[in-house]
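First comes the structure, then the notes that go with it.
Lettering of chains follows the sequences in order, A, B, ..., and the numbering in each one begins at 1. As a basis for the values below, the full set of heavy atoms in this structure was taken, side chains included, without hydrogen atoms, waters or symmetry mates.
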2 protein chains.
Amino acid sequence: MKRTDERRRATIADVAREAGVSASTASVVFSGKTPVSDATRARVLAAAAALGYTGPDPRAASLRRGRSGIVGVVFEEHLGTAFLDPVKTLMMDGLTEGVAGLGAGLLLLRDDESAETGPSLTTAPIDAAVLIGCSPLMRRSLDTVRARGIPVVVIEGDAGGDIPRIGLDNREAQRHAARHLRALGHEHVVILTLPVNADRPRGFFGADAEVTVDVTRDRLAGARDVYPGAPAYAAAGSFIDEGLAAGRVLLAGPDRPTAIIAQSDLLAAGVIRAAEEQGLRVPDDLSVTGFDGIVVDGLAPYALTTLVQPAADKGRAAGLAVASMLEGASPVSMHFTCAFREGNTSGRAPAAQ
Amino acid sequence: MKRTDERRRATIADVAREAGVSASTASVVFSGKTPVSDATRARVLAAAAALGYTGPDPRAASLRRGRSGIVGVVFEEHLGTAFLDPVKTLMMDGLTEGVAGLGAGLLLLRDDESAETGPSLTTAPIDAAVLIGCSPLMRRSLDTVRARGIPVVVIEGDAGGDIPRIGLDNREAQRHAARHLRALGHEHVVILTLPVNADRPRGFFGADAEVTVDVTRDRLAGARDVYPGAPAYAAAGSFIDEGLAAGRVLLAGPDRPTAIIAQSDLLAAGVIRAAEEQGLRVPDDLSVTGFDGIVVDGLAPYALTTLVQPAADKGRAAGLAVASMLEGASPVSMHFTCAFREGNTSGRAPAAQ
DNA sequence: TTGTAAGCGTTATCAC
DNA sequence: GTGATAACGCTTACAA
């Protein structure tokens, strides 16, 4: 078979030959890295058009350059679940921006040791990786990535070692909200938490329970800084319906709390619905605080008292972090803080029954 | 500088040398494509471990194989916006599964002619592409992809030409819901639509208005098949709050409809909230139908009367479609149908006022 | 401004 | 079961 193969896609060499220039010149016309005379450029472009050449093959270019222009984003959970969380969505948004400077795109990856399906941290052509919510489980993947020598940053999670992380002042922020409630006179408070571990059991848990999810643990600690003895009830996820279910339980007893500290806005929204169901007025009969500061679709006219976290900024920071590491900068962790926002869901504690 | 460069990552050639085998043998140990003696395998693996070699460089492998194992998913909108839509989230879920058989991952791409930032359909190392909600705007991207000769499928959109598409029986399904309302005696019906075009204007629009969004147009046509003269009011997006705002307008006048056909479940949920606000009972005073069949977080105890679309299946089908095209199969379009689901938000039309 | 040469790291093919 | 060879398609010093 000669090189005059009809069914083969044109390569830059073909274009160069057609245009009567060298391959390097043709290459430069497409990359723009070096000045080219207008006449030459025109000839090359014409040749490309004639041959149906649409530009350098990204695979070959990335091998040569040593860069693929792709950043992997690793989730622990089912991808669909990840996008159900507005906070993650916002982070993705920021991340997209953050890596844009790199000219990179985001490859969705799931941390899944079992399934041998799909690309993994080890086999995907990524220049860097961002791990979201890195749990102990993710450690293994992490090791393999580091072994590959590609930059990694972790958002909200304990990566261990010297892996740079994007953190949040979960404990301090939650403490702030708790102090707010205390200042309003609330003494009987319950903490509605995010899942405590991978099994996501619902219900009350004691002080001795092991909380393996960092975010849950830290926010809980913040609330307990102010209300050391407050009962904690775990939800199975950050959803309105979870908050609703929990709210029904928490508000049912005779010894109803006057305030509920929810670890997410969605949970808080559910609690408010539960309160409405029982004919309780928020904030007159019950104060509710959230966490995240997202827009909860359909919650109006309530404006949650909550901690506004810079979710998009976190994502952007992660993107910029990997970008600078790729430039050779040394890894650096960053810490973000939440802003307390008082809405209309918290008020003075009702007089004791 | 000699080849004994310390700071260079080990390659398969290094491993082979260290193990005293040829590069091809070492390669085969990692790919498993050819039987290798246990002894050899052990030696190669040991050499790899000693050298810190973690496996073939994906960039080189993909050049050689002509496959990157990456499928691009192209959105029209801001990525964050896309994931706010539960239907898209579900589709992504299915898509993830669909391409898993390919051993491929999903690269997030945005159809954005302006921004020269980030990878694009033309520069990303993708084996195939899936376009979501392909509008006229997306046509250009489409052309470039096709020129590159990579398989494409379009979900819910008019791709034109012979591009395979994953479709939905929007018109027929919506007609079904309308018939249901008609059977219940409703005569005064308003249609609350999804955005009609890229500008997303809110408000009533006439029969002459140009509706460039396929989904909106088709569902509208289905409703009009039964209620030819029904007024149509456009929302600016598929959100509960949009439905709420629209609901307030639609339910305010003296000449209130007895039923509202919403083109999405989120819009329907918002309409229900608006009805509640005005002290109207659903379905006694007002019937509301949705579209999509998603779980609307926080809508309980209502169960929407709606059209359940197989969103995840659509995604999966798209994934399978590109997979089979990569195997050389010829492109084939697929059509999905919705299932009508009667909930508790539709009932007999109230007696005329 | 253009051309030459030397890989980038892997794997398919085929012979042994 | 193993090895030699030849691409895969491109980019970038460096020389002209």
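- Both B:Val21 and B:Ala60 sit near DNA chain D, but only B:Val21 has its closest nucleotide nearer the 5' end.
- Partners of B:Leu90 by side-chain contact (heavy atoms from CB on, under 4.5 Å), not counting sequence neighbours, listed by chain and number: B:Ile294, B:Ala311.
- Along DNA chain C, read 5' to 3', the first and last nucleotides having any atom under 4.0 Å from a heavy atom of chain A are C:dT1 to C:dG9.
- In terms of the side chain to side chain donor-acceptor pair (under 3.5 Å) criterion, residue partners of A:Asp313 (sequence neighbours excluded) are, by chain and number, A:Arg316.
- Of the possible donor and acceptor atoms, one in the side chain of B:Thr96 sits under 3.5 Å from a partner among the backbone N and O of B:Met92.
- When the C1' atoms of four end pairs are superposed on the next four at each end of the helix from C:dT1-D:dA16 to C:dC16-D:dG1, using five pairs per end, the two resulting axes differ in direction by 30°, to 10°.
- A:Met334 meets the side-chain contact (heavy atoms from CB on, under 4.5 Å) test with A:Ile166, A:Ala317, A:Phe336; sequence neighbours excluded.
- A heavy-atom distance below 4.5 Å is not found between the side chains of A:Asp93 and A:Thr89.
- Residues in residues 54-66 of chain B take part in these side-chain hydrogen bond (donor to acceptor under 3.5 Å, both in side chains) pairs, two or more places apart or across chains: A:Asp127-B:Arg59.
- Sorted by residue number, the members of residues 23-46 of chain B with any non-hydrogen atom under 4.0 Å from DNA chain D read B:Ser24, B:Thr25, B:Thr34, B:Pro35, B:Val36, B:Ser37, B:Thr40.
- Here A:Lys88 pairs with A:Glu77, A:Asp85 under the salt bridge (Lys or Arg N to Asp or Glu O under 4.0 Å) rule; sequence neighbours left out.
- Remark: B:Ala323 pairs with B:Leu102 by the side-chain contact (heavy atoms from CB on, under 4.5 Å) rule, at least two apart or across chains.
- Close approach of DNA chain D to chain A, defined as any atom under 4.0 Å from a non-hydrogen atom of the protein, starts and stops at D:dG9 to D:dT12.
- Partners of B:Arg41 by salt bridge (Lys or Arg N to Asp or Glu O under 4.0 Å), not counting sequence neighbours, listed by chain and number: B:Asp38.
- Partners of A:Leu51 according to the side-chain contact (heavy atoms from CB on, under 4.5 Å) rule, which considers only residues two or more places apart in sequence or in another chain, are A:Ala10, A:Asp14, A:Val15, A:Glu18.
- Rounded to the nearest 0.5 Å, atoms CZ (B:Arg43) and OG (B:Ser37) are 7.5 Å apart.
- Residues A:Ile70 and B:Pro125 form a side-chain contact, since some pair of their non-hydrogen atoms from C-beta on lies under 4.5 Å apart.
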